[in-house]
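Inspection log for the structure reproduced underneath, given as structure tokens.
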Amino acid sequence: MNDTHSEPLIRKIEELKRQKKAVILAHYYTRPEVQAAADFLGDSLALAVRAQNTDAEIILFAGVHFMAETAKVLCPSKKVLIPCPEAGCSLAESCDAAEFAAFKALHPDHKVVSYVNTTVGVKALTDICCTSSNALEVVRSIPDDQPLIFGPDRNLGSYIRKLTGRTNMLLWDGACHVHEEFSLEKLLELKREHPAAKVVAHPECRAYILETADFVGSTAAILDYCGQADSAEFIVVTEAGILAEMQRRFPGKTFIPAPPDDETCGCNNCRFMKMVTLENIAACLENEIPEILLDEEIRQKAERSILNMIQINR
Ligand code: 13P
Ligand code: SF4
């Protein structure tokens with residue numbers, strides 16, 4: 001969308017935000033024009049903490065469904081709006097709450113650590129949540145002899161298992177369609193073409209990609225690394241929406257998106273994140289629907305698992 005088309009919508013959104021005491025929280029993977037309309041931009045951990053601390057009356061969550069649900073779990077008295085409720089997450093959907101409950105029942109002595117990319121139903125079955133920023137810290141906070149279930153991302157789980165050397169950690173077999181699709185062959189080719197470039201990757205990528213990376217971290221950690229690293233060029237192996245923020249923050253550096261196996265599929269873009277547009281944000285703020293509504297018992301159980309995580313980060 002060009003700027004002339006965006007400007008009247010951005011003005012309308014600004015006006016609605018002011019009238020309704022609303023705040024827009026957006027994930028780094030959303031469209032650049034959506035990022036530009038946000039009051040706060042962040043990775044999933046930063047957005048959860050921000051939702052908890054805002055004094056706005058309405059939170060509009062420009063991101064995928066589980067992220068807006070997380071905001072509602074933490075802020076039950078606020079109205080949490082989601083401009084596009086169809087924006088799901090392949091990772092969250094790879095872990096059905098009833099199936100997860102059955103798996104948990106088979107391992108009653110295990111504590112459950114779940115990545116925040118889960119539905120509220122799975123969070124309610126979880127002892128402690130984590131994000132890609134703090135997964136290592138969360139797992140390390142649990143005594144070594146305590147058996148664990150880690151879900152739903154098998155790549156993040158294997159990575160943490162490798163870093164901690166923990167053998168008592170069972171993994172749920174879920175994955176993200178964006179991060180699983182990166183091509184090792186094409187990444188190695190890019191490295192040959194740009195020998196000075198550092199490779200940065202999200203831990204949702206497959207193990208063979210992570211082994212090739214100079215740095216592995218959450219979207220926020222990758223941004224910090226690119227700012228501090230003594231390099232002017234980076235090959236970025238995560239969702240391509242993050243490049244807008246990289247270019248904004250570090251205009252003197254070059255960022256090259258790593259391609260997926262099938263370059264015609266555009267799958268280094270999360271199709272769910274891109275479903276959030278200025279149009280659906282404006283309509284959602286104006287009509288104050290769709291709103292996230294949760295069962296209170298499930299919400300309270302899910303809240304405990306998120307607060308246990310936030311506690312570790314304090
Ligand atoms: P972050 O925790 O890095 O924000 O990642 C969320 C996500 O959906 C990654 O695909
Ligand atoms: Fe979910 Fe993957 Fe999209 Fe992140 S990039 S929101 S994990 S589908």
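First listed ligand is number 1; within each ligand, the first listed atom is number 1. What you are looking at is a predicted structure, and each value in this text was computed from that prediction instead of being measured.
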Fill in: Heavy-atom donor-acceptor pair, Asn155 side chain to Ala175 backbone, under 3.5 Å
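No; judged by distance alone, with no hydrogens or angles, the pair does not exist.
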
Item to complete: Check step by step if salt bridge (charged side-chain N to carboxylate O under 4.0 Å, His left out) holds for Arg11 and Glu14.
Response: CA-CA 5 Å; Arg11 275 201 300 277; Glu14 286 301 325; over 6 Å; no

Worksheet item: What is the total of protein N/O/S atoms that are closer to atom 1 (Fe) of ligand 2 than 2.8 Å?
Response: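 Of the protein's nitrogen, oxygen and sulfur atoms, 1 lie under 2.8 Å from atom 1 (Fe) of ligand 2.
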
Discussion item. Please determine whether side-chain contact (heavy atoms from CB on, under 4.5 Å) holds for the pair Ile59 and Cys75, giving the CA-CA distance in whole Å, both sets of side-chain angles, and the decisive distance to 0.1 Å.
Written reply: CA-CA 9 Å; Ile59 298 171; Cys75 315; 3.8 Å; yes

Exercise: identify the closest heavy-atom pair between [X] and [Y]:
X     : Y      : answer
Ala71 : Ala51  : CB-CB, 3.8 Å
Leu16 : Ala282 : CD1-O, 3.7 Å
Val34 : Val276 : CG2-O, 3.4 Å

Worksheet item: For the residue pair His177 and Phe272, does the interplanar ring angle fall in the parallel (under 30°), tilted (30 to 60°) or perpendicular (over 60°) class?
Response: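 His177 vs Phe272 ring planes: perpendicular.
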
Worksheet item: Using 4.0 Å as the upper bound for N to carboxylate O, is an ion pair formed by Lys72 and Glu69?
Response: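 Salt bridge between Glu69 and Lys72, a charged N being under 4.0 Å from a carboxylate O: no.
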
Show the short N or O contacts, below 3.5 Å, that ligand 1 makes with protein N or O atoms; if there are none, say 'none'.
unit_1: ligand 1; atom_1: 2 (O); unit_2: Ser44; atom_2: OG; d: 2.6
unit_1: ligand 1; atom_1: 2 (O); unit_2: Ser132; atom_2: OG; d: 3.1
unit_1: ligand 1; atom_1: 3 (O); unit_2: Ser132; atom_2: OG; d: 3.1
unit_1: ligand 1; atom_1: 3 (O); unit_2: His202; atom_2: NE2; d: 3.0
unit_1: ligand 1; atom_1: 3 (O); unit_2: Thr219; atom_2: N; d: 3.1
unit_1: ligand 1; atom_1: 3 (O); unit_2: Thr219; atom_2: OG1; d: 3.0
unit_1: ligand 1; atom_1: 4 (O); unit_2: His27; atom_2: NE2; d: 2.7
unit_1: ligand 1; atom_1: 4 (O); unit_2: Ser44; atom_2: N; d: 2.8
unit_1: ligand 1; atom_1: 4 (O); unit_2: Ser44; atom_2: OG; d: 3.4
unit_1: ligand 1; atom_1: 4 (O); unit_2: Thr219; atom_2: OG1; d: 3.3
unit_1: ligand 1; atom_1: 5 (O); unit_2: His202; atom_2: NE2; d: 3.4
unit_1: ligand 1; atom_1: 8 (O); unit_2: Asn117; atom_2: ND2; d: 3.1
unit_1: ligand 1; atom_1: 10 (O); unit_2: Glu204; atom_2: OE1; d: 3.1
unit_1: ligand 1; atom_1: 10 (O); unit_2: Glu204; atom_2: OE2; d: 3.3

Please list, one pair per line, the donor and acceptor atoms closer than 3.5 Å that link side chains of residues 220-233 to other protein atoms, with sequence neighbours excluded.
unit_1: Ser231; atom_1: OG; unit_2: Glu233; atom_2: N; d: 3.4
unit_1: Ser231; atom_1: OG; unit_2: Glu233; atom_2: O; d: 3.1
unit_1: Glu233; atom_1: OE2; unit_2: His194; atom_2: ND1; d: 2.8

Worksheet item: Looking at residues at least two apart in the chain, or sitting in another chain, which of them share a ring pair (Phe, Tyr, Trp, His ring centres under 6.0 Å) with Phe103?
Response: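 Once residues adjacent in sequence are excluded, the partners of Phe103 under the ring pair (Phe, Tyr, Trp, His ring centres under 6.0 Å) criterion are His107, Trp172.
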
Worksheet item: Is the shortest distance from a heavy atom of Arg271 to ligand 2 less than 4.0 Å?
Response: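 So Arg271 does not count as touching ligand 2.
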
